[in-house]
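For reference, the structure discussed in these notes is given below.
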Amino acid sequence: MSSVSSASLGHPAPVSRHADTALLLIRLASAAAFLYHGSAILFGAFGGPGPRQFAAFMHWPPIIGYLVGVAQVFGGLAVLTGFLTRIGAACLVVVMLGAIFLVHLPHGFDISKGGYEYALTQLLIALALLICGAGKYSLAAVLPPGVRKL
């Protein structure tokens with residue numbers, strides 16, 4: 001009986017396979033947004049401001065514009081590929097905390113009024129990835145065993 005899988009007996013597939021698929025879908029959606037916004041800040045792509053204009057608009061030193069852009073692009077790539085996902089997610093947590101407390105909080109929750117609704121969603125996704133990691137469908141397998149959980 002041990003050679004018969006639970007799926008062949010009509011039982012649902014193991015939860016871990018579903019969780020890995022869900023993590024992949026969450027990673028793809030989140031990474032797309034961070035790569036888009038990070039590229040706009042870091043490279044001026046998609047009509048974005050670039051790092052100096054972004055920092056000037058926020059009344060910050062230019063280095064902050066570069067750091068925010070790098071954190072979003074690196075974090076987005078890490079989340080997308082599953083390569084150093086937890087490090088990338090930690091970068092995104094910092095960016096989203098900044099976005100919430102320095103930009104969106106005064107506008108309330110409603111995203112249509114400039115509120116923190118979407119930033120909070122991305123923060124919670126990044127926290128979930130920080131806790132869970134990338135899951136099975138990632139490039140983490142190419143890393144040495146001691147570094148795979150990063």
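The side chain to side chain contact (heavy atoms under 4.5 Å, CB included) test applied to Leu24 returns Arg27, Leu28, Tyr137, not counting sequence neighbours. Under the side chain to side chain contact (heavy atoms under 4.5 Å, CB included) criterion, Leu84 pairs with Ile87, Leu143, Val147, Leu150, not counting sequence neighbours. Looking at residues two or more places apart in sequence or on another chain, you find a side chain to side chain contact (heavy atoms under 4.5 Å, CB included) between Pro61 and Ile63, Ile64. In terms of the side chain to side chain donor-acceptor pair (under 3.5 Å) criterion, residue partners of Ser30 (sequence neighbours excluded) are, by chain and number, Gln122.
Sorted by first and then second residue, the side-chain hydrogen bond (donor to acceptor under 3.5 Å, both in side chains) pairs involving residues 68-90 (not counting sequence neighbours) form an empty list. Among pairs with a residue in residues 64-89, none fulfils ring pair (Phe, Tyr, Trp, His ring centres under 6.0 Å), at least two apart in sequence or across chains. Applying the ring pair (Phe, Tyr, Trp, His ring centres under 6.0 Å) test to every pair with at least one member in residues 19-46, sequence neighbours left out, gives these pairs: Tyr36-Phe46. Evaluation of the ring pair (Phe, Tyr, Trp, His ring centres under 6.0 Å) test over residues 89-113, restricted to residues two or more places apart or in two chains, returns Phe109-Tyr116.
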Mind listing the side-chain donor-acceptor pairs of residues 129-136 below 3.5 Å, one per line with the distance, residues two or more places apart or on another chain?
none

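Of all non-hydrogen atoms in Gly65 and Ile41, the two that sit nearest each other are O-CG2, 3.5 Å. When all heavy atoms of Met58 and Leu102 are compared, the pair lying nearest together is CE-O, 4.4 Å. Residues Ala78 and Gly88 come closest through the heavy atom pair CB-CA, 3.8 Å. The minimum heavy-atom distance linking Val93 with Ala126 is given by the pair CG2-CB, 3.7 Å. A pairwise comparison of heavy atoms in Ser138 and Gly82 identifies CB-CA, 3.5 Å as the closest pair. The heavy-atom pair separating Ser39 from Val73 by the smallest distance is N-CG2, 3.7 Å.
Under the 4.5 Å side-chain heavy-atom criterion for ILVMFWY residues, a single connected hydrophobic cluster contains both Leu127 and Leu120. No path of Ile, Leu, Val, Met, Phe, Trp and Tyr side chains, each step under 4.5 Å between heavy atoms, connects Leu80 with Leu139, placing them in separate hydrophobic clusters.
Annotation: the span from Leu124 atom CG to Ile26 atom CD1 amounts to 11.5 Å, rounded to 0.5 Å. The CG atom of Leu25 sits 11.0 Å away from the CG atom of Asp20 when rounded to the nearest 0.5 Å. One distance of note links CG of Leu77 with SG of Cys91; it measures 11.5 Å at 0.5 Å rounding.
Think of Ile111 as one node in a network of Ile, Leu, Val, Met, Phe, Trp and Tyr side chains linked at under 4.5 Å; its network also takes in Tyr118.
Checked options Ile125, Leu35, Leu92; the residue passing with Val79 is Leu92 (criterion: side chain to side chain contact (heavy atoms under 4.5 Å, CB included)).
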